[in-house]
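Inspection log for the structure reproduced underneath, given as structure tokens.
Since the structure is predicted, the reported quantities are computational estimates derived from the model, not experimental observations.
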Amino acid sequence: MGNDGYLPLFETKRANGRTLYRVFAGSIFVGICLIWSYRVSHVPGHGEDGRLVWIGLLAAELWFGFYWLLTQAHRWNLVYRQTFKDRLSHRYGNELPGVDIFVCTADPVIEPPMMVINTKLYEDMKNQLENVAKLGRLPEVHLRHKGFSEWDSYSSRHDHDTILQILIDGKDPNAKDSEGCVLPTLVYVAREKRPQYFHNFKAGAMNALIRVSSAISNGQIVLNVDCDMYSNNSLAVRDALCFFMDEKKGHEIAYVQFPQNFDNITKNELYSSSLRVISQVEFHGLDGYGGPLYVGTGCFHRRDTLCGRKFSREIHNEFKIDIPKDREREETTAVLEEKSKVLASCTYENNTEWGKEMGLKYGCPVEDVITGLSIQCRGWKSVYYNPERKAFLGVAPTTLAQILVQHKRWSEGDFQILLSKYSPAWFANGKISLGLQLGYCCYCLWATNCLAVLYYSIVPSLYLLRGIPLFPELSSPWFLPFAYVVISKYMYSLAEYLWSGGTVLGWWNDQRIWLYKRTSSYLLGFIDTIAKSLGLHSDSAFVITAKVSKQEVYRRYVKEIMDFGDSSAMFTALATIALINLVCLIGLMKKAIVNEGIPIIYETMLLQFVLCAILVLINWPLYQGLFFRKDNGKMPKYIAIKSIVLAVSSCTCFTLFLT
């Protein structure tokens, strides 16, 4: 309590051990600088073997060091939040601002209605909803909800008028459940779609909902969640209000981001889809510099900030309280429905700032990230709140193809932001803190990681076949910085993962997916973004991640058996790289055994050998999918054949070329 008797509704605590971590990080940076010095001072002369590849390794190691520095923005200044909901209740009682909740869905097959309507329903209602999804029409439900019957007039869900119905009117005094509790307003909206009008995917849907809800309920706080997510903590709304309604700091906060958690994560996280380190470490670090990214779900917003309002120090919390006694509408729901339909029409946004300075921004596959950045650049702060009891739970991808496609969209969208006028590197300069700028850049440069990782994953292994060392000998003092940086970095990574609640095998799986994303998802995302910037590629599509899996696929997922059953160009890249390393390792061992050269390899190429061996070991599930498995989750035969041909040809051509 301060001298004025003020009791905050939330408090912020800085993480312990920051000084110790900074000393540790400083020692790693010294090691990185020594590695750079070694590369620069030992470049082979003109005409010597390995000169060009040496320069390539220098470029890759410069990138790894630079990117490592960026990641320190996520770990340099971690903070943790705690709310005081009892103080909120004591101070305001039930006189709290209204909260509008948006649930967006795009496809009834991969985003089933039962996920959208996640409440306790009678069994016959569940069956009806599932039948609707299968049939693609509404055989019975529309008899009770007249708005739904309008779907019968349209043959396509991509060409129809606005369909809007207030299913439950929360301002109707009779809107109560069987126990007499007041029911909230429930509205169904399908915005108008026409083939000649681009609908801007989720961003367009969110903007339509912002406008429609402003006419019907006009809650001053907006929560949006993905259709697969459900509430796991009924107090999450009050947690968010503690931040917004704090008398001294609440007026600065534009949005409160909760972590994205999932209820179908396996023990060892086969596909590393829990985003564990991001949610438990990195976002806490960003929160210490002014707030986390907006990730598109589980986020509470001030409505006016979504509509383009700039921050001013003269702004004070002026929430209009929705008092229950004032519940009657001035107009009938039928009239309100008709008036609201125009707000979701295809032409409403013409010649307006919607999608530019108002609402979610258009033209980017990660509309949420660029929208959050623009809000912060208008002077607002955001808050990351990670309660012990998870607020929202969703469905994580259950196949390798799903996770790779998801990360291709994320990395591609983030890279597009970096190259756009809203880049955190220049647009945000001076508008947000340097630490937050670096944090954004770290994610925006995901895609560019592909180049250095690809180089390091292939070239050193190929040079093993010719017996050309690319790293210091074991007896050289230059060996020490390489060994220290590698061991320290990965030991810290393991400790961080375990501290975040993971397992040792889960960390190993995380390292595998780290490699797979950078050599497939990020590679394609990088190529597509560069092609688009050169005018060689059409606009990026918003790819929806499937929320359901076939029973056979899901059984493999539960057993933590990696699924390669999909046909994907990304699988070809992964398999080819894995096979190149396998061929190189086998070729090296054959030469070492035949020529009795094991001691020489140990002395001169230990780091190179260890790198290749780890790449082979981490790809063991992929080799199983290529050669040993018989189930439908094995690698498709034509991808296996293509990858084998590419790998063997690459190794053969490389050795012949050098010869």
Side-chain angles (χ1 to χ4, degrees), residues 67 70-71 74 110 201-202 226 228 259-262 264-266 269-279 282-283 293-297 364-370 394-419 439-454 457 497 506-507 509-532 540-547 549 557 562-564 566-575 577-578 618-619 621-622:
Y67 192 78
L70 288 183
T71 64
H74 297 150
I110 62 178
F201 307 108
K202 182 180 178 180
D226 287 343
D228 62 304
Q260 194 171 2
N261 295 300
F262 309 95
N264 65 328
I265 298 296
T266 58
E269 303 181 42
L270 179 63
Y271 299 119
S272 187
S273 49
S274 70
L275 309 175
R276 182 176 298 280
V277 173
I278 290 178
S279 63
E282 295 183 0
F283 271 27
L293 289 67
Y294 166 40
V295 301
T297 184
C364 180
V366 286
E367 71 294 317
D368 38 26
V369 176
I370 195 171
V395 178
T398 56
T399 70
L400 181 59
Q402 288 175 7
I403 199 74
L404 294 180
V405 168
Q406 184 182 65
H407 276 269
K408 176 186 178 293
R409 179 172 69 85
W410 289 350
S411 63
E412 183 177 350
D414 288 339
F415 192 35
Q416 286 181 18
I417 294 175
L418 183 73
L419 301 180
Y440 268 103
C441 288
C442 189
Y443 295 121
C444 289
L445 288 169
W446 266 357
T448 50
N449 273 302
C450 67
L451 302 177
V453 174
L454 269 174
S457 300
Y497 194 88
W507 173 80
N509 289 334
D510 184 67
Q511 300 308 302
R512 180 185 301 113
I513 298 301
W514 181 96
L515 175 67
Y516 286 1
K517 288 185 298 188
R518 282 156 179 76
T519 53
S520 60
S521 304
Y522 295 178
L523 175 63
L524 292 183
F526 178 83
I527 293 172
D528 283 356
T529 301
I530 295 299
K532 181 182 177 182
S540 301
F542 185 94
V543 181
I544 304 170
T545 304
K547 306 299 191 300
S549 302
Y557 173 72
M562 192 162 278
D563 198 303
F564 300 101
D566 294 287
S567 298
S568 172
M570 289 188 278
F571 285 180
T572 303
L574 296 179
I577 294 170
I618 208 168
N619 277 303
L622 197 149

For this session: Looking only at non-hydrogen atoms, find the nearest pair between K408 and G525 and report the distance.
Result: CG-N, 4.1 Å

Problem set entry | Main-chain N/O of V395 paired with N264 side-chain donor or acceptor, under 3.5 Å | no

Seminar exercise, completed: Residues Y557 and T398: closest non-hydrogen pair is CD1-O, 3.6 Å

Exercise. Are the side chains of T297 and D368 in touch, meaning some heavy atoms are under 4.5 Å apart?
Worked result: no

For this session: Determine, stepwise, if the pair L622 / F571 fulfils side chain to side chain contact (heavy atoms under 4.5 Å, CB included).
Result: CA-CA 10 Å; L622 197 149; F571 285 180; over 6 Å; no

Seminar exercise, completed: Note: I370 and E367 closest approach over all heavy atoms is CG2-O, 3.3 Å

For this session: State whether a side-chain donor-acceptor pair under 3.5 Å links Y443 with E282.
Result: yes

For this session: May I ask you to test the L400-D563 pair for a side-chain heavy-atom distance under 4.5 Å?
Result: no

Problem set entry | Between SG on residue C444 and CG on residue L293, distance to nearest 0.5 Å | 8.0 Å

Problem set entry | Side chain to side chain, M570 and S521, heavy atoms closer than 4.5 Å | yes

Exercise. Can you find a heavy atom in the side chain of V405 that is under 4.5 Å from one in the side chain of Q402?
Worked result: no

Exercise. Taking it one step at a time, do K202 and D226 satisfy side chain to side chain contact (heavy atoms under 4.5 Å, CB included)?
Worked result: CA-CA 10 Å; K202 182 180 178 180; D226 287 343; 2.9 Å; yes

Exercise. Please walk me through it: do N449 and W514 pass side chain to side chain contact (heavy atoms under 4.5 Å, CB included)?
Worked result: CA-CA 11 Å; N449 273 302; W514 181 96; 6.0 Å; no

Exercise. Can you check whether K517 reaches S411 side chain to side chain, under 4.5 Å on heavy atoms?
Worked result: no

Problem set entry | Inter-residue atom distance I527.CD1 - C450.SG, 0.5 Å rounding | 7.0 Å

For this session: Identify whether the distance between the nearest side-chain nitrogen and carboxylate oxygen of R276 and D510 falls below 4.0 Å.
Result: no

For this session: Supply the atom-to-atom distance L574 CG to L523 CG, rounded to the nearest 0.5 angstrom.
Result: 10.0 Å

For this session: Would you name the heavy atoms of C364 and G413 that are closest together and state the gap between them?
Result: SG-O, 3.5 Å

Exercise. Should W507 and E269 count as side-chain neighbours, where that means a heavy-atom distance under 4.5 Å?
Worked result: no

Problem set entry | Taking every non-hydrogen atom, the tightest pair across Q260 and L275 | OE1-CD1, 4.2 Å

Exercise. Under 3.5 Å, is there a donor-acceptor pair between the side chain of Y67 and the main chain of C442?
Worked result: yes

For this session: Find out whether S457 and L515 are in side-chain contact, i.e. whether some heavy atom of one side chain is under 4.5 Å from a heavy atom of the other.
Result: yes

For this session: Would you check if K532 and E412 make a side-chain contact, meaning some heavy-atom pair closer than 4.5 Å?
Result: no

Exercise. Could you state the interatomic distance from CZ (F415) to CZ (F526), rounded to the nearest 0.5 Å?
Worked result: 5.0 Å

For this session: Compare every heavy atom of W446 with every heavy atom of D414, then report the nearest pair and how far apart it is.
Result: OD2-CE3, 4.0 Å

For this session: Could you tell me if the ring centre of Y516 sits under 6.0 Å from that of H407?
Result: no

Problem set entry | Atom pair OG/CG of S520 and L404 - distance to nearest 0.5 Å | 4.5 Å

Exercise. Between L418 and T448, does a side chain to side chain contact (heavy atoms under 4.5 Å, CB included) hold up when you go through it step by step?
Worked result: CA-CA 11 Å; L418 183 73; T448 50; 5.7 Å; no

